[in-house]
Amino acid sequence: MDLAFTPEEQAFREEVRTWVQANLPKEISHKVHNALRLTRDDMQGWAKILGKKGWLAFGWPKEFGGPGWTAVQKHLFEEECALAGAPRIIPFGPVMVAPVIMAFGNAEQQKRFLPGIASGEVWWSQGYSEPGSGSDLASVKTRAERVGDKYIVNGQKTWTTLGQHGDWMFNLVRTSTEGKPQTGISFLLVDMKSKGVTVRPIKLLDGECEVNEVFFDNVEVPAENLIGEENKGWTYAKHLLSHERTNIADVNRSKRELERLKRIARAEGVWDDQRFRDQIALLEVDIVALEMLVLRVLSAEKSGKNSLDIAGLLKIKGSEIQQRYAELMMLAAGPFAMPFIEEAMEAGWQGNFPGGVVANAPLASTYFNLRKTTIYGGSNEVQRNIVAQTVLG
């Protein structure tokens, strides 16, 4: 295993860094570095900038219009974007559904859907979780009944991240109740503007409506929107989730937020407190260790070996690190981190009260929001069981 970057990879990093610094709007990076509210225009605007460069589809092979980067190049690209203060690429289109369409969609579906994803013009949402079907996705109940040349879809999805912005949604739907639960699931693409689709925002602890409920009431979906074969959706769903392996660790954002924590500690006068510095040091050691674990996976892929099956371990550690840095930021600011004023999440409105600076305003919101990390993507309790079975035997 060689964790050192080659001269070619270092040159690639410099190329990405230079381009991102020149093209990332300053008002957007200001919001990201200070955890202020990003609008749809902010997120999709950056996606379109990347799309014009051909980098929104950064993980795609050349045959489908991507740059054909190696696993290490993809990692370096994500790291430089995160450190520069770029919004995280919304993964549902370019990172999740696109590889499924490439692998299992027909030529017409590839021609129809991939260009809009690569350009950033079309916003995709994920329809996996349902009430009662989270970590146990095989129990999904949303029903799609084939009637002639269309499917009639009825049911409900929940925790649909940024679903209020979605143009299209990829869904796991039940098309059969025979045999094992996994064998009756299909992978269906749904136009969210279709009659009978209702999106209901869920307001979270941080005051944001980041997630939604989506209801399907006799929604007509053309049969041509079925990916692959009917009742084979479980196979496609597993293929999709495999593309989250290193991404879900979110180590690049943790590196950026570590620097934010240090800035807040210095500004609030706790940087010289040895006990507090010890906590920052322990966090930094864990972030470096997590990065080494991610690089081990990338090193295995680079050398053509089977990558380590440690998705659960990456998710557990990555999510716990995110909660720790949010808590340490709160502790650094002390009482000034406590007031949650929703308007303060907007750039330029931080209030004329003691401690109401741009760095402190979002701390409570960030802390509340990151309570989710140990639950989404399969709760950490479930992930520990998976690690025990697949890694420890």
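Side-chain contact check for Phe92 versus Thr160: every heavy-atom pair is 4.5 Å or farther apart. When side chains are defined from C-beta on, Asn154 does not count as touching Glu145, because their heavy atoms never get closer than 4.5 Å. You'll find the side chain of Phe216 reaches within 4.5 Å of the side chain of Val219, heavy atoms only. The side-chain heavy atoms of Glu327 and Thr366, taken from C-beta on, include no pair separated by under 4.5 Å. Between Pro131 and Gln156 the shortest side-chain heavy-atom distance falls below 4.5 Å. With contacts defined as side-chain heavy-atom distances shorter than 4.5 Å, the pair Phe170/Leu240 qualifies. With contacts defined as side-chain heavy-atom distances shorter than 4.5 Å, the pair Leu76/Glu9 qualifies. Met329 has its side chain out of reach of Tyr367: every pair of non-hydrogen atoms, C-beta onward, lies at least 4.5 Å apart.
Looking at residues two or more places apart in sequence or on another chain, you find no salt bridge (Lys or Arg N to Asp or Glu O under 4.0 Å) involving Glu381. Judged as a salt bridge (Lys or Arg N to Asp or Glu O under 4.0 Å), and not counting sequence neighbours, the contacts of Glu80 are Arg13, Arg17. Phe104 is linked by a ring-ring contact (aromatic ring centres under 6.0 Å, His included) to Tyr236, His239, counting only residues two or more places apart in sequence or in another chain.
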Next on the checklist: Quick one, Arg324 with Asp286, criterion salt bridge (Lys or Arg N to Asp or Glu O under 4.0 Å). Give me CA distance, side-chain angles, the key distance, then yes/no.
Outcome noted: CA-CA 11 Å; Arg324 280 173 58 197; Asp286 276 353; 2.5 Å; yes
Checklist entry - Would Leu283 and Leu258 satisfy side chain to side chain contact (heavy atoms under 4.5 Å, CB included), going step by step from the backbone distance to the final call? => result CA-CA 8 Å; Leu283 175 64; Leu258 174 66; 4.1 Å; yes
Item to check | From CA spacing to verdict: side chain to side chain contact (heavy atoms under 4.5 Å, CB included), Thr142, Lys157 | outcome: CA-CA 8 Å; Thr142 295; Lys157 297 293 179 179; 3.7 Å; yes
Item to check | Verdict with reasoning, Leu313 to Lys317, per side chain to side chain contact (heavy atoms under 4.5 Å, CB included) | outcome: CA-CA 6 Å; Leu313 195 57; Lys317 201 61 184 177; 5.9 Å; no
Checklist entry - Between Ile89 and Phe58, is a side chain to side chain contact (heavy atoms under 4.5 Å, CB included) present by the stated rule, with each step listed? => result CA-CA 10 Å; Ile89 291 174; Phe58 67 97; 3.6 Å; yes
Next on the checklist: What verdict does the side chain to side chain donor-acceptor pair (under 3.5 Å) test give for Glu268 and Asn360, after you've listed the backbone C-alpha separation in whole Å, the side-chain angles of each residue and the deciding distance to 0.1 Å?
Outcome noted: CA-CA 10 Å; Glu268 296 301 323; Asn360 292 343; 3.0 Å; yes
Checklist entry - Step by step, would you call Gln323 with Thr374 a side chain to side chain donor-acceptor pair (under 3.5 Å)? => result CA-CA 9 Å; Gln323 293 183 347; Thr374 49; 3.2 Å; yes
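Nearest heavy-atom pair, Val32 versus Pro87, reported as atom, atom and distance to 0.1 Å: CG2-N, 3.9 Å. Of all the heavy atoms in Ala326 and Leu370, the pair that sits closest is CB-CD1, 3.9 Å. The minimum heavy-atom distance linking Arg260 with Ala35 is given by the pair NH2-CB, 3.4 Å. The shortest non-hydrogen separation linking Val122 to Gln44 is N-NE2, 4.2 Å. Residues Ala86 and Leu24 come closest through the heavy atom pair N-CD2, 3.6 Å. Of all heavy-atom pairs between Gln322 and Ser254, the closest is CG-OG, 4.0 Å.
Using modelled atom types, one side-chain atom of Asp273 and one backbone atom of Arg275 make a donor-acceptor pair closer than 3.5 Å. With hydrogens and angles ignored, the 3.5 Å screen pairs no side-chain donor or acceptor of Arg146 with any backbone N or O of Tyr151. Between the side chain of His30 and the backbone N or O of Leu36 there is no donor-acceptor pair closer than 3.5 Å. Judged by distance alone, the side chain of Asn369 and the main-chain N or O of Ser365 form no donor-acceptor pair under 3.5 Å. Although no hydrogens or angles enter the test, the distance criterion places no donor-acceptor pair under 3.5 Å between the side chain of Ser133 and the main chain of Ser129. With hydrogens and angles disregarded, no donor-acceptor distance shorter than 3.5 Å links the side chain of Asn212 to the backbone of Val214. Panel note: side chain Glu130, backbone Lys141; a donor-acceptor pair is recorded below 3.5 Å. No side-chain donor-acceptor contact under 3.5 Å links Trp123 to the backbone of Ile117. Counting only distance, with no hydrogens or angles, the side chain of Gln73 and the backbone of Thr70 share a donor-acceptor pair below 3.5 Å. Panel note: side chain Thr18, backbone Glu15; no donor-acceptor pair is recorded below 3.5 Å.
Residues Val211 and Leu38 do not share a hydrophobic cluster, defined by chaining ILVMFWY side chains whose heavy atoms lie under 4.5 Å apart. Both Ile287 and Leu293 belong to a single network of hydrophobic side chains, linked directly or stepwise wherever heavy atoms of I, L, V, M, F, W or Y lie under 4.5 Å apart. Hydrophobic clustering, with ILVMFWY side chains joined whenever heavy atoms are under 4.5 angstrom apart, keeps Ile227 apart from Val221.
No salt bridge links Glu108 with Lys111; every basic N to acidic carboxylate O contact stays at or beyond 4.0 Å. Comment: Asp42 does not engage Arg37 in a salt bridge, judged by the lack of any side-chain N to carboxylate O separation of less than 4.0 angstrom. Here Arg40 pairs with Asp167 in a salt bridge; the nearest charged N to carboxylate O distance falls below 4.0 Å. Between Glu259 and Arg253, none of the side-chain N atoms (NZ, or NE/NH1/NH2) sits under 4.0 Å from a carboxylate O, so this pair counts as no salt bridge. Between Asp250 and Arg88 there is a salt bridge, since at least one side-chain N of the basic residue sits less than 4.0 Å from a carboxylate O of the acidic one. The pair Lys203-Glu208 does not count as a salt bridge, with every side-chain nitrogen at least 4.0 angstrom from each carboxylate oxygen.
Judged purely by distance below 3.5 Å, without hydrogens or angles, the side chains of Asn106 and Gln110 never pair a donor atom with an acceptor atom. For the residue pair Lys315 and Asn380, a side-chain donor N or O sits within less than 3.5 Å of a side-chain acceptor on the partner. Judged by distance alone, the side chains of Asn231 and Ser176 never bring a donor and an acceptor atom under 3.5 Å apart. In this model, no donor atom of one side chain and acceptor atom of the other lie less than 3.5 Å apart for Ser319 and Thr373. A side-chain N or O of Arg112 and one of Asn225 form a donor-acceptor pair less than 3.5 Å apart.
In the displayed structure, Trp159 atom CH2 is contacted under 6.0 Å by at most 12 heavy atoms of other residues, nucleotides or ligands. Counting non-hydrogen atoms of other residues, nucleotides and ligands closer than 6.0 Å to NZ of Lys150 gives a total of 12 or fewer. For NZ of Lys193, the number of neighbouring non-hydrogen atoms (other residues, nucleotides, ligands) closer than 6.0 Å is greater than 12. At most 12 non-hydrogen atoms from other residues, nucleotides or ligands lie less than 6.0 angstrom from NZ of Lys232.
A cation-pi arrangement is not found for Arg371 relative to Phe368, the charged atom failing to lie both closer than 6.0 Å to the ring centre and inside a 45° cone about the ring normal.
With ring centers used as reference points, Trp69 lies under 6.0 Å from Trp55. Between Trp124 and Phe113, the ring center distance clears the sub-6.0 Å criterion.
One distance of note links CH2 of Trp234 with CD1 of Ile185; it measures 5.5 Å at 0.5 Å rounding. For the atom pair NZ (Lys238) and CD (Gln182), the distance works out to 8.0 Å, reported to the nearest 0.5 Å.
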